[in-house]
Amino acid sequence: MWPGQGPEPAERPGEEGAVPEPRWELRSECHARQFFEAALELCGQGQLTDVTVTAGARRYQAHGVVLAAVSTFFCQRLACRAVGEVDVSPLATPRGWEAVLDFAYTGAFAATPGTAGELAAAAQTLGVPRVLEICQRMGGGLGGPEGRSPGEEQWETLRGMEELYRAGVGCDLALTTEGETFQGEWGLWVKSEGHWQSWG
């Protein structure tokens with residue numbers, strides 16, 4: 001659940017200049033993890049995906065808006081409504097692409113100092129700055145504070161999806177109820193605990 005948003009409460013008569021009551025923000029700390037677990041399960045079942053990526057001899061099903069939230073390459077494609085099939089073989093090795101895919105859904109990827117260069121090259125060409133930063137840190141043996149945890153990376157990806165939602169990118173479904181219309185991506189209205197919930 002995203003933090004609640006809305007106008008500040010109106011001042012009551014005779015209370016000009018009074019400090020408004022504080023607004024509360026609610027967020028389920030496990031929402032990001034549960035959301036991406038459900039989305040990843042849909043990918044494994046080949047359900048409600050809108051992008052098929054070819055890397056080498058393998059094909060991968062994915063959700064365009066999830067990829068677009070971490071990759072400028074896929075963001076540009078989604079903005080142009082270029083979903084469907086895409087071959088990234090000229091841009092990344094299969095291992096490099098799988099690192100990007102894993103990161104998009106889990107906030108983490110398998111890497112060693114020996115493979116960091118290969119993965120960094122994929123992140124560079126696909127426009128995935130967060131993966132590139134991790135690889136550069138690993139490959140260069142950089143010290144300093146640790147980066148975000150996988151859970152924090154998942155929240156960062158959700159925030160990227162929120163920005164896409166606000167820009168109307170990737171919204172291919174409109175639900176209308178009681179006179180209000182809600183937009184989102186069909187593939188990511190996932191059924192959880194008997195209720196439909198959207199990424200937005």
Side-chain angles (χ1 to χ4, degrees), residues 31-33 35-44 49-142 144-171 185 187-188 199-200:
H31 171 66
R33 176 181 56 79
F35 169 80
F36 283 109
E37 284 177 353
L40 197 55
E41 183 178 353
L42 290 175
C43 284
T49 55
D50 57 357
V51 177
T52 301
V53 179
T54 300
R58 295 192 59 186
R59 291 160 59 88
Y60 306 78
Q61 302 291 323
H63 301 100
V65 71
V66 175
L67 300 180
V70 301
S71 163
T72 57
F73 172 80
F74 285 99
C75 185
Q76 291 169 359
R77 288 181 55 84
L78 190 64
C80 297
R81 299 185 179 277
V83 293
E85 298 195 9
V86 56
D87 187 354
V88 299
S89 299
L91 305 175
T93 64
R95 180 159 51 189
W97 156 247
E98 287 180 358
V100 170
L101 182 63
D102 287 344
F103 180 82
Y105 283 90
T106 70
F109 58 94
T112 66
T115 63
E118 178 183 352
L119 307 190
Q124 180 75 50
T125 55
L126 293 175
V128 192
R130 285 188 281 154
V131 169
L132 179 60
E133 180 182 355
I134 294 170
C135 290
Q136 289 177 335
R137 180 174 296 276
M138 180 177 294
L142 300 179
E146 294 183 359
R148 288 183 287 259
S149 69
E152 291 170 332
E153 294 288 7
Q154 287 181 319
W155 275 111
E156 188 67 22
T157 300
L158 273 184
R159 282 188 281 270
M161 293 168 65
E162 170 91 352
E163 293 178 4
L164 293 172
Y165 168 76
R166 294 187 183 283
V169 177
C171 296
E185 178 168 317
L188 291 181
W199 54 267

Asker: Can you sort out the partners of S89 under side chain to side chain donor-acceptor pair (under 3.5 Å), two or more places apart, ordered by chain and number?
Answerer: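 S89: side chain to side chain donor-acceptor pair (under 3.5 Å) contacts with D87.
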Asker: Which heavy atom of A62 sits nearest to which heavy atom of L67, and what is that distance?
Answerer: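 Shortest heavy-atom contact: CB-CD1, 3.9 Å.
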Asker: On a heavy-atom basis, which atom in A123 and which in V131 lie closest, and how many Å separate them?
Answerer: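 Answer, listing the atom of A123 first, then V131: CB-CG1, 3.7 Å.
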Asker: According to salt bridge (charged side-chain N to carboxylate O under 4.0 Å, His left out), who are the partners of E152, at least two apart in sequence or on a separate chain?
Answerer: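 E152 satisfies salt bridge (charged side-chain N to carboxylate O under 4.0 Å, His left out) with no other residue.
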Asker: Looking at side-chain heavy atoms only, is the closest gap between V100 and L119 below 4.5 Å?
Answerer: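 Heavy-atom side-chain distance check fails, nothing below 4.5 Å.
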Asker: Using a strict threshold of under 4.0 Å (side-chain N to carboxylate O), is an ion pair present between R159 and E163?
Answerer: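 Result for this pair is no, no salt bridge flagged.
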Asker: Partners of T93 by side chain to side chain donor-acceptor pair (under 3.5 Å), sequence neighbours excluded?
Answerer: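 Side chain to side chain donor-acceptor pair (under 3.5 Å) check on T93 returns E118.
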Asker: Is there side-chain contact between F109 and E98, with heavy atoms separated by less than 4.5 Å?
Answerer: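 Counting from C-beta outward, F109 and E98 never come under 4.5 Å.
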Asker: Measure from the side-chain N and O atoms of S71 to the backbone N and O of A68, and report whether any donor-acceptor pair falls under 3.5 Å.
Answerer: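 No; zero donor-acceptor contacts below 3.5 Å.
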Asker: Tell me which pairs pass salt bridge (Lys or Arg N to Asp or Glu O under 4.0 Å) where either residue lies in residues 68-80, with sequence neighbours left out.
Answerer: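 Listed by first then second residue: nothing to list.
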Asker: Ignoring hydrogens, what is the shortest heavy-atom contact between V88 and A55? Give both atom names and the distance.
Answerer: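 For V88 versus A55, the nearest heavy atoms are CG2-CB, 3.9 Å.
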Asker: Could you check R130 against E153 for salt bridge (Lys or Arg N to Asp or Glu O under 4.0 Å), going step by step and ending with a plain yes or no?
Answerer: CA-CA 9 Å; R130 285 188 281 154; E153 294 288 7; 2.7 Å; yes
Asker: Might you work through the side chain to side chain contact (heavy atoms under 4.5 Å, CB included) test for Y105 and H63, ending with a clear yes or no?
Answerer: CA-CA 10 Å; Y105 283 90; H63 301 100; 2.8 Å; yes
Asker: Is atom CD of Q124 surrounded by more than 12 heavy atoms (other residues, nucleotides or ligands) closer than 6.0 Å?
Answerer: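 Atom CD in Q124 is not crowded, with 12 or fewer foreign heavy atoms closer than 6.0 Å.
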Asker: Quick one: pull up CG in L40 and CG in L101 and give me the separation to the nearest 0.5 Å.
Answerer: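 Going from the CG atom of L40 to the CG atom of L101 covers 8.0 Å.
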Asker: Provide the closest heavy-atom pair for R59 versus T52 in the form atom of the first, atom of the second, distance.
Answerer: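 Taking every non-hydrogen atom into account, NH2-CG2, 3.5 Å.
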Asker: Report the residues that fulfil ring pair (Phe, Tyr, Trp, His ring centres under 6.0 Å) with F103, sequence neighbours left out, ordered by chain and then residue number.
Answerer: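 Scan of F103 (ring pair (Phe, Tyr, Trp, His ring centres under 6.0 Å), adjacent residues dropped) gives none.
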Asker: For residues 65-95, which residue pairs pass the ring-ring contact (aromatic ring centres under 6.0 Å, His included) check, not counting sequence neighbours?
Answerer: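 For residues 65-95: F74-W97.
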Asker: Y165 and V65: side chain to side chain contact (heavy atoms under 4.5 Å, CB included), yes or no, with the steps?
Answerer: CA-CA 9 Å; Y165 168 76; V65 71; over 6 Å; no
Asker: Hey, could you give me the NE2/CD distance between H31 and Q154, rounded to the nearest 0.5 Å?
Answerer: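 Going from NE2 on H31 over to CD on Q154, the span is 10.5 Å.
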Asker: Compare every heavy atom of A69 with every heavy atom of L164, then report the nearest pair and how far apart it is.
Answerer: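 So the two residues come closest at CD1-N, 3.9 Å.
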